[in-house]
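To keep things clear, I will list the structure first and then write my remarks on it.
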Amino acid sequence: MQRWMDYSALWWQAMVRPSASASLVLESTGKTGFNAFLVGFGALLYAFYGASMGLFTGWYPAVVSGLKLPALYLFTVLIGFPSFYVINCIGGPRLRFGPTFRLLLIAVSANAVVLASYAPLAYFFTLTTSRHGYQFLVVMHAAVLAASGAVSLVVGLVLCRAAGGTIGQHVRASIFASWGVLYAVIGAQMAWTLRPWIGSPQLPYTPVRSIEGSFFDVIWNLVNQA
Amino acid sequence: MDTFEVPPHTDEMTKPLVVQEAWPSEPKFDRPLKLPQGFLSRVDYLLHHPDDIVEALKRDVDLWALSRTLFMITVIMAALYGGVMGATNWLQGSGIPLNLQFLTMLVTAIKVPLLFLLTLLIVVPPIYVSSTFVGSRLTFSQLVGVLLASLAFTTVVLASMASVAFFFSLTTRNYTFIKLLHVAFFAYAGLAGLAYLVRSVHAVVGEVKHELWKWLFIAWLLLYMFVGTQLAWVMRPFVGDPDLKFQLFRPRSGNFYESVYQSVVQLQQDMEKPGKRQ
């Protein structure tokens with residue numbers, strides 16, 4: 001228990017001052033527990049927010065969305081990790097394998113914190129919106145997810161610069177941003193694959209829908225309609 | 001196993017490269033290049049210590065072991081990406097028979113390393129001969145080493161996108177989209193590899209006074225790119241159109257650039273009429 005308290009203190013320090021948390025990223029000894037803490041605690045925060053999405057349709061969808069949101073971020077990080085590691089070597093601070101993974105976990109946990117801090121408002125809107133408020137909720141959740149994703153990328157960049165030593169100070173934001181675009185695209189496609197999140201009132205609820213089209217089709221149609 | 005011992009037959013070679021205290025920014029290379037054991041550790045070494053590899057190429061001593069490692073990295077990383085590329089039909093659940101799906105996967109896993117290595121084989125002689133015209137003292141083993149290093153780097157970058165390609169193959173149903181995705185990933189890896197090549201050639205060759213040198217180098221890069229894309233076009237199919245029957249190589253027609261343009265148009269049509277090819 002005391003260990004977990006220490007971990008959360010360390011972690012909160014990294015959230016508040018990522019520029020002073022280089023040693024948290026770099027030192028590998030005894031950090032397996034901390035990695036597990038990041039994954040576990042992040043998953044809890046994501047689940048808390050995810051449940052507010054499904055609650056629009058009912059209790060069962062709330063539980064399903066609460067389980068799916070941590071999975072969304074975990075899968076996105078795992079799929080994006082090899083390219084992140086290589087970009088970290090090409091134009092980044094050339095961190096080793098373990099520190100790179102921990103940096104990504106800390107950055108993603110910042111995303112979870114921002115989401116969880118918005119969760120009370122999300123619950124409020126979900127519970128006070130009528131069945132006709134579906135479109136509003138879609139836009140709200142998409143905007144909140146995008147904003148929190150951007151926050152986590154900024155935290156990641158600051159950590160990169162702090163942990164990279166002399167090379168790290170010269171890490172260009174554009175290189176980090178190019179990976180950020182890839183991360184966003186993977187995340188969006190993953191979200192599309194794991195839909196429904198809120199549950200459209202026009203369609204019968206299923207935990208997962210069949211694979212058809214892609215996130216890009218949706219964007220394309222939106223652009224064409226506009 | 002693969003250490004770079006300095007042969008003791010000349011004074012020049014045995015002279016140790018000692019880093020002086022007054023120049024702490026100089027690359028630290030007062031020892032023979034020692035590659036770590038294990039394949040993945042070597043891939044990691046290639047990514048983390050480009051300066052050491054350039055330094056070893058500069059010294060031009062026993063490049064065989066280094067070249068062999070770079071060759072292995074190229075083959076395995078390219079085969080990994082090729083396997084994912086060829087698995088598209090299987091991942092997308094297209095209607096073609098299962099044994100042909102696995103055959104495509106196997107064939108592409110062989111084709112992609114072959115594509116990179118054949119391109120290297122074609123461009124090495126003209127590059128080596130023309131480099132002597134402008135008076136660069138690049139030896140043949142140095143040239144092959146530099147090109148192999150950039151090739152290994154290219155394939156590592158490409159293989160880092162394999163997980164992304166795998167995910168998109170699994171979660172989309174559009175052949176044209178996947179094809180263009182692979183073109184984009186190859187372009188990204190190719191550009192990263194070219195940047196690596198430019199840096200390492202400049203470091204290994206040093207300053208060449210000849211005024212044609214810069215243009216010759218640009219000509220090399222263009223030659224490399226055009227040979228690569230043309231060879232890729234000749235060796236297609238890599239992904240395998242689910243509407244066409246299985247072929248080891250397709251009959252020669254059209255060219256790469258025309259095909260990319262047509263794919264973009266096709267994708268636009270697919271998006272406007274969903275359900276037609278999805």
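Owing to the predicted nature of the structure, the values given are computational and were not obtained by experimental measurement. The sequence lines fix the lettering, A, B, ..., with proteins before strands; numbering per chain opens at 1.
The existence of a salt bridge linking A:Arg96 and B:Asp44 is confirmed by a sub-4.0 Å separation between a basic side-chain nitrogen and an acidic carboxylate oxygen.
At a threshold of 4.5 Å between non-hydrogen side-chain atoms, the residues A:Met140 and A:Tyr118 count as touching.
The closest donor-acceptor contact from the side chain of B:Ser163 to the backbone of A:Ile79 lies under 3.5 Å.
Between chain B and the options A:Cys89, A:Gly80, A:Gly91, the largest number of non-hydrogen pairs under 4.5 Å is found for A:Cys89. Among B:Val157, B:Leu170, B:Thr171, B:Val164, the residue with the largest count of heavy-atom pairs under 4.5 Å with chain A is B:Thr171.
At a 4.5 Å heavy-atom cutoff, the contact between B:Phe168 and chain A is made by side-chain atoms alone. If you measure heavy-atom distances from A:Leu182 to chain B, the contacts under 4.5 Å come from the side chain alone. When heavy atoms are compared at a cutoff of 4.5 Å, B:Phe166 does not approach chain A at all. With a 4.5 Å cut-off on non-hydrogen atoms, A:Ser83 touches chain B through its backbone and its side chain both.
Atom CZ of A:Phe75 has 12 or fewer heavy atoms from other residues, nucleotides or ligands within 6.0 Å.
Checked against a 6.0 Å centroid threshold, the rings of A:Tyr183 and A:Phe84 do not count as neighbours.
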